[in-house]
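Bear in mind that the values here come from a model prediction, so they are computed numbers and not experimental data. Below, read A as the first sequence line, B as the second, and so on, with proteins coming before strands; counting in each chain starts at 1.
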Amino acid sequence: MAKNLLIVESPAKAKTIEKYLGKDFIVKSSIGHIRDLPEKGIGIDIEHDFAPDYVVSPDKKKVVSELKKLAKEAETVWLATDEDREGEAIAWHLLSELGVDEKKTRRVVYHEITKSAIEEAIKNPRSIDRALVDAQQARRILDRLVGYELSPVLWRKVKPSLSAGRVQSVAVRLIVEREREVNGFVAVPYFKVDGLFNANDTNFHAELDKRYDNEQQAHEFLTKINGAEFSVKDLEKKPAKRSPSAPFTTSTLQQEASRKLSFSVLQTMRVAQGLYERGDITYMRTDSVNLSQQAINGAKEEIEKTFGAKYAQTRQYKTKSSSAQEAHEAIRPTDFSAKEIEGHNDNERRLYDLIRKRTIASQMANAEIEKTTITISQNKTQDNFIATGEVILFDGFLRVYSESDDDTDEQENSETLPLLKVNQKVNFAEANATQRFPSSLPRYTEASLVKKLEALGIGRPSTYAPTISTVQKRGYVVKESKEGTPRPYKVITLKNGTVTSATKTEITGAEKAKLFPTDIGSVVTDFLIENFGEILDYNFTANVEEEFDIIAEGKLSWTKMLKKFYTPFHITVEKATAVKEKASGEKLLGQDANGKNVYVKIGRYGPMVQIGDFNPDEEGETKPEDKPKYSKLRADQRMETITLEEALNLFKMPRKVGIYEEQEMAAGIGRFGPYIRHDGKFYSIPKEDDVYTIGEERAIEIIKDKRQKEIEKNIKTFAHDPEIRVLKGRFGPYITMDKKNYKIPKGKEASELTLEECLEIIKNDTSAGKKKRGFTPRKKAKE
DNA sequence: CAGTGAGCGAGCTTCCGCTTGACTT
């Protein structure tokens, strides 16, 4: 029987530590929190100092009973959960739930999973820090009060099953407000002038040191400098250095994996979890940029071996975020010499490579750069052209890793400039004044939202990915890509002594995997800001965190803090509940041809347009012809941006188009876009046709086309078994049976397949049994 | 999938932060 039971939070960590401690120790994990407030009901006795009703979580019953048994048999129970607020609380819950004498328990802490750190921790046990536990209770209970009192208000005022909370509601607010900024942004165009020069047989670009507001000014300037002589007025060389970024935390890993690998934050965490479980990387949910001494030595050794001693420069980074609790190390490889990892899929290899390079780069020398600025003047006006270039004198960490940036174009500064002298003449080739449109701040991606939340101190490494899932699951936010629209712009060119003007076209407004608010998201946000401004304030979390810190220092009672918060909060909840009207986001768009009011609002089934008002007579009756008319918004329309004309157009659908084969044809817009409906069948209307004006003749053409394609699609059918068909699809021929599709093996001619061969292919198909790997929610979604 | 729409209302929904596991064909 083992004398010692040591409990940590993560099973993978338990395995590692067990190796370090030897046979006198049995190491087990709690798998996170073991107790919590009950899921049903508030679970807090508010009248009696917010006494919480903790219950063992249903999915932790097994773990707890096993730990209980082992704890009883052990001489000493070591509570080795993380050294932060949540970890301290887990230790305290374990102590009270396992039913062992406190005298035979020890609390130990460490910041890194190394043999020396664990042994050192065992030598220095302490007792449980009750003040820190109280701070956690205050955090937990405040979140429950906010979440479970605000959500029911939304059920009454907006729609059932909605939710609100300290973290998610602010996340949605960020997205709603950014969308309004983007939509309200008016781009005031300007002209920038770019010159192409040649000197020492090298072409190079230089930009004019001023911009013009309009085409006329730009034109005038180019006309003025026609025939000018250009020379180097000034030359400046400045040394600069660039330093590597800190090793990864959860948030920075999510951002870089998004930019460099196009991973969603959930995908990043899933892949990292796999790497962690196999022992390839350290823990992936961390807010610390710290590396253990052992890790720094490992990185240094690897750098010296691969690149030479002058490339190594060890550093210890400091965390910028004030909310950080730093219970773990930064995310790093466990073994720096492992360049390639065995037995992993492509995504795991790519993420591992990113983590390894980032960590190694963080311990490498600065890059040394020489920045060159060349000022070119001319003899016609006082204006100068400026060329900038960069030469890397010593690549340092750049040899391994360079961080991506969300906001800037990376292709600039890539030009090599010729070696010039002051007063040297340069040859002018051409100059272009190009019309540019400034852009608004970009919409958030999942990863840039995480970055913003972290900067505000909202949420924790373990919750970034789930929060982003929650706001999407509730229908507040959608992740979407959008095709851009063409926009004309002017280019004025001076070349060969003449100035010419041309109009070109660029694509603008294209978006890839960006977060957009839904109408529900906007309406809920407006409602919450109006009624619960304090909670929706970007500083709310920071403010309560300050108080949690004071509680953790033992200088404030957690129940007092909660009471001070809850009393006024609860009054606003009751006030908001007492107001009968729904929060529908109703907006008057204008009047239709008959002078009836046209509104957009959220109805029972989502956003809609309403024409007309209710005007009941004395008996409270409304005549049927006076009742308002309704139409749902299309999927691509938003309450905030729909125009009166677009709203009225919705009522023109579905529209009678004509008769074909004695059946009526109607045009409409469905979930998959514009369609013609005929004899119960739907035919998509191609992009080049207008659903509002399409005529009978064209509609019949579309129907005939579709039928023809249907016929061509059938490569082969079998009289014996009409269920099985060989079809032509987007990716080539395939076999279909019972709504499932099967690939045709290479080397077989589709049109010559026999029924037996088809059955053989279907039988041998293996793709159906594929299992999806990943996390599923604790509770199964009811759908 | 191809479209509904006030009001009345049973009984349901919900938070944040720790952490992974998988009844049978």
### Query
B:dG5, B:dT19, B:dC16: which one has an atom nearest the side-chain heavy atoms of A:S462?
B:dT19

### Task
Describe the nucleic acid contact of A:G41 in one word from base, sugar-phosphate, nothing, applying a heavy-atom distance below 4.0 Å.
base

### Query
Base, sugar-phosphate alone, or nothing: which one does A:V167 contact when heavy atoms must sit under 4.0 Å apart?
sugar-phosphate

### Query
Looking across every strand, which nucleic acid part, if any, lies under 4.0 Å from A:S161 by heavy atom: base, sugar-phosphate, or nothing?
base

### Sugar-phosphate, base or nothing in reach of A:G606, heavy atoms under 4.0 Å
base

### Message
Using a 4.0 Å heavy-atom cut-off, does A:Y464 contact any base of the nucleic acid, only the sugar-phosphate backbone, or nothing at all?
### Response
nothing

### Message
Categorize A:L162 for me: base, sugar-phosphate, or nothing, with a 4.0 angstrom heavy-atom threshold over every strand shown.
### Response
sugar-phosphate

### Query
Contact class for A:R140 (heavy atom, under 4.0 Å): base, sugar-phosphate, or nothing?
base

### Query
At under 4.0 Å between heavy atoms, what does A:P466 touch on the DNA or RNA strands: base, sugar-phosphate, or nothing?
nothing

### N/O (side chain, A:Q168) to phosphate O (OP1/OP2, B:dC16) under 4.0 Å
yes

### Sugar-phosphate only, base, or nothing, as touched by A:G87 at under 4.0 Å among non-hydrogen atoms
nothing

### Message
Is it the case that the side chains of A:E83 and A:H111 hold a donor-acceptor pair, with the cut-off being a distance below 3.5 Å and no angle test?
### Response
yes

### Task
For A:R35, answer base if it contacts any base atom (sugar-phosphate contacts may also be present), sugar-phosphate if it contacts only those atoms, and nothing otherwise; contact means non-hydrogen atoms under 4.0 Å.
nothing

### Query
Side chain of A:R139, base of B:dC16: donor and acceptor closer than 3.5 Å?
yes

### Task
For A:P160, answer base if it contacts any base atom (sugar-phosphate contacts may also be present), sugar-phosphate if it contacts only those atoms, and nothing otherwise; contact means non-hydrogen atoms under 4.0 Å.
base

### base_contact_polar (B:dC18 base, A:R285 side chain, donor-acceptor, <3.5 Å)
no

